[in-house]
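Working notes, beginning with the structure itself.
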Amino acid sequence: MTNAQVARIFAEVADILEILGENPYRVQAYRRAAQIIENLTEDIVDLARRDELEKIPGIGASIAQKVKEIVATGRLKQHEELKAKIPPGLLEMLQIPGMGPKKVLLVYKRLGIDSVQKLEEAAKAGRLRGLPGMGAKTEQNILRGIQLLRSTRGRLPLGIALPAANKIVAELKELPQVERITTAGSLRRMKETIGDIDILITSPDPKPVMDRFVSMPMVKEVLAHGTTKSSVIIDAGTQVDLRVVPPESFGAAQQYFTGSKDHNIRLRELAIKKGLKINEYGVFKADTGERLAGEHEEEMYAALDMPWIPPEMRENWGEIEAALEGRLP
DNA sequence: CTATCGACCGAGTTTA
DNA sequence: TAAACTCGGT
DNA sequence: GATAG
Ligand SMILES: [Mg+2]
Ligand SMILES: [Mg+2]
């Protein structure tokens, strides 16, 4: 039994509980446990044998017990029972971009839709509109989401993603409205594989930048097109996200958009404890709103009394503690 | 034991 | 138009 | 379901 297999079981438990409308915090607990287990450097089977599971933050008595059950039997009774409660098609429907747990549950309960195919038929027939919160636009979006699910690919090796990202950067650089441009996300963190390409631009005039971005020749599909944030799918099914911020927020946006998500949350938690607030526009005093940093990434960390942390280390694997103690390698 | 629950925000849609 | 809701992003 | 207080 591998860590990935155990993680997958808990992730699925989370998905099913969510569709069933369970307590969101319980759902999150399973989801977090799945993520923790997936990222463990140590073998979960060994940890279970040594009875050290509960030492891991986020793993409590209940999940530790379930891990032991999985390790011992290869399955989790709760998981099997939950799977029996809902048609397997609902989990597939959850994979459709734009379909979250609410909509999945809604169409299932009200129309008995329990597969992607049935969902497609219903949307085409216009039977979804009229459901609370769903109109004609939502039907169209669902149909598009289904096509997307069939064409979008998974994570991309860094070696493939880098040249693709550089090509986009080169194209957008031509625009006079573009001041600074850089990659962000897992690409900037130099992960072995990346889930999407994230690009950050500073511009005093974002509209033409966004317009050009969503109309690049390689763009196959426009997922979102706003004034500060847009997302597209390019050639072979890779998602590209673009964020445009004012020049004075470059550092803050770079920090935010580089992540990781966990790293960001830890930083923001820390900020709260210091009476501060962090977002992609800067570091602010929580009470007065006074802006303390934002133009440079280094000053974002400095505002929290930390040295700048290299992107490759920003995974919330202890780098924040290390930075605070001045023990960064 | 029990209240609380990771931080913050943009886009899109529906509803009031 | 604004608020509420859902979804998705780090 | 986990955990801080
Ligand atoms: Mg990304
Ligand atoms: Mg992204």
After noting the C-alpha distance and the side-chain angles of A/Glu42 and A/Asn3, does the key distance pass the side-chain hydrogen bond (donor to acceptor under 3.5 Å, both in side chains) rule? CA-CA 9 Å; A/Glu42 204 165 348; A/Asn3 290 18; over 6 Å; no
Any chance you could lay out the salt bridge (Lys or Arg N to Asp or Glu O under 4.0 Å) test for A/Glu171 and A/Arg212, step after step, and finish with the verdict? CA-CA 9 Å; A/Glu171 172 146 0; A/Arg212 170 73 169 265; 3.6 Å; yes
Just do the salt bridge (Lys or Arg N to Asp or Glu O under 4.0 Å) check on A/Arg188 and A/Glu297 with the steps written out, would you? CA-CA 13 Å; A/Arg188 180 161 182 250; A/Glu297 209 177 36; 2.9 Å; yes
Salt bridge (Lys or Arg N to Asp or Glu O under 4.0 Å) between A/Arg266 and A/Asp262: does it pass, once the steps are laid out? CA-CA 6 Å; A/Arg266 280 300 314 282; A/Asp262 284 352; over 6 Å; no
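Across all strands, A/Asn264 comes closer than 4.0 Å to base atoms (heavy-atom distances). Backbone-only contact: A/Ile272 has heavy atoms under 4.0 Å from sugar-phosphate atoms and none from a base. Residue A/Lys261 is in base contact, counting any heavy-atom pair closer than 4.0 Å across all strands shown. Counting any heavy atom pair closer than 4.0 Å across all strands shown, A/His263 reaches no nucleic acid atom. At a threshold of 4.0 angstrom between heavy atoms, the contacts of A/Ser231 with the nucleic acid are absent. At the heavy-atom level, A/Arg243 lies under 4.0 Å from the strands shown only through sugar-phosphate atoms. Backbone-only engagement by A/Ile278 is indicated by non-hydrogen atom pairs under 4.0 Å involving sugar-phosphate atoms exclusively. Within 4.0 Å (heavy atoms only), A/Arg129 reaches no atom of the nucleic acid at all.
Extent of DNA chain B lying under 4.0 Å from chain A heavy atoms, first and last nucleotide in 5' to 3' order, is B/dC5 to B/dT15.
The 5' end of DNA chain B is approached more closely, in terms of each residue's nearest nucleotide, by A/Asp262 than by the other of A/Gly226 and A/Asp262. Mapping A/Thr138 and A/Thr227 onto DNA chain B by nearest heavy atom places A/Thr227 closer to the 5' end of the strand.
Distance CE (A/Met134) to C1' (C/dC7): 12 Å, rounded to an integer number of Å. Rounded to an integer number of Å, the gap from CG of A/Leu131 to P of C/dT6 is 13 Å. Atom CG of A/Leu148 is separated from atom P of C/dC7 by 16 Å (rounded to the nearest Å). In this structure, A/Ile142 places its CD1 atom 12 Å from C1' of C/dC7, rounding to the nearest Å. Across the protein-nucleic acid pair, A/Lys137 atom NZ and C/dC7 atom P stand 18 Å apart, rounded to whole Å. Following rounding to the nearest Å, A/Leu82 (CG) and D/dG1 (C1') show an atom-to-atom distance of 14 Å. Following rounding to the nearest Å, A/Asp196 (CG) and C/dT10 (C1') show an atom-to-atom distance of 10 Å. If you take CG of A/Asn141 and P of C/dC7, they are 12 Å apart, rounded to a whole angstrom.
Checked by atom type and distance alone, the side chain of A/Glu319 pairs as donor or acceptor with a backbone atom of A/Glu315 at under 3.5 Å. Side chain of A/Ser249 to main chain of A/Ala252: no donor-acceptor pair is present (N/O by atom type, distance under 3.5 Å, no hydrogens or angles).
Placement of A/Leu111 and A/Ile19 within a single hydrophobic cluster is found when ILVMFWY residues are connected by side-chain heavy-atom separations under 4.5 Å, directly or transitively.
Across the P atoms, B/dC5 and C/dT10 are found 25 Å apart, a figure rounded to whole Å. Comparing the C1' positions of D/dA2 and B/dC8 gives a spacing of 23 Å, expressed to the nearest Å. For the C1' atoms, the distance from D/dG1 to B/dA11 is 32 Å, rounded to whole Å.
Side-chain N/O atoms of A/Lys229 include none lying less than 4.0 angstrom from OP1 or OP2 on C/dT10. For the pair A/Gln254 and C/dT10, the criterion of a side-chain N or O lying under 4.0 Å from OP1 or OP2 is not met.
With salt bridges taken as basic N to acidic carboxylate O contacts below 4.0 Å, none links A/Glu312 and A/Arg189. Residues A/Glu81 and A/Lys85 are not paired through a salt bridge, judged by the lack of any N-O separation under 4.0 Å between the basic side chain and the carboxylate. Using a 4.0 Å cut-off between a side-chain N of Lys or Arg and a carboxylate O of Asp or Glu, A/Arg31 and A/Asp15 qualify as a salt bridge.
Counting heavy atoms from C-beta outward, A/Met210 and A/Leu242 have side chains that approach closer than 4.5 Å.
Within a heavy-atom distance below 4.0 Å of DNA chain D, the residues of residues 8-42 of chain A found are A/Asn23, A/Tyr25, A/Arg26, A/Ala29, A/Tyr30.
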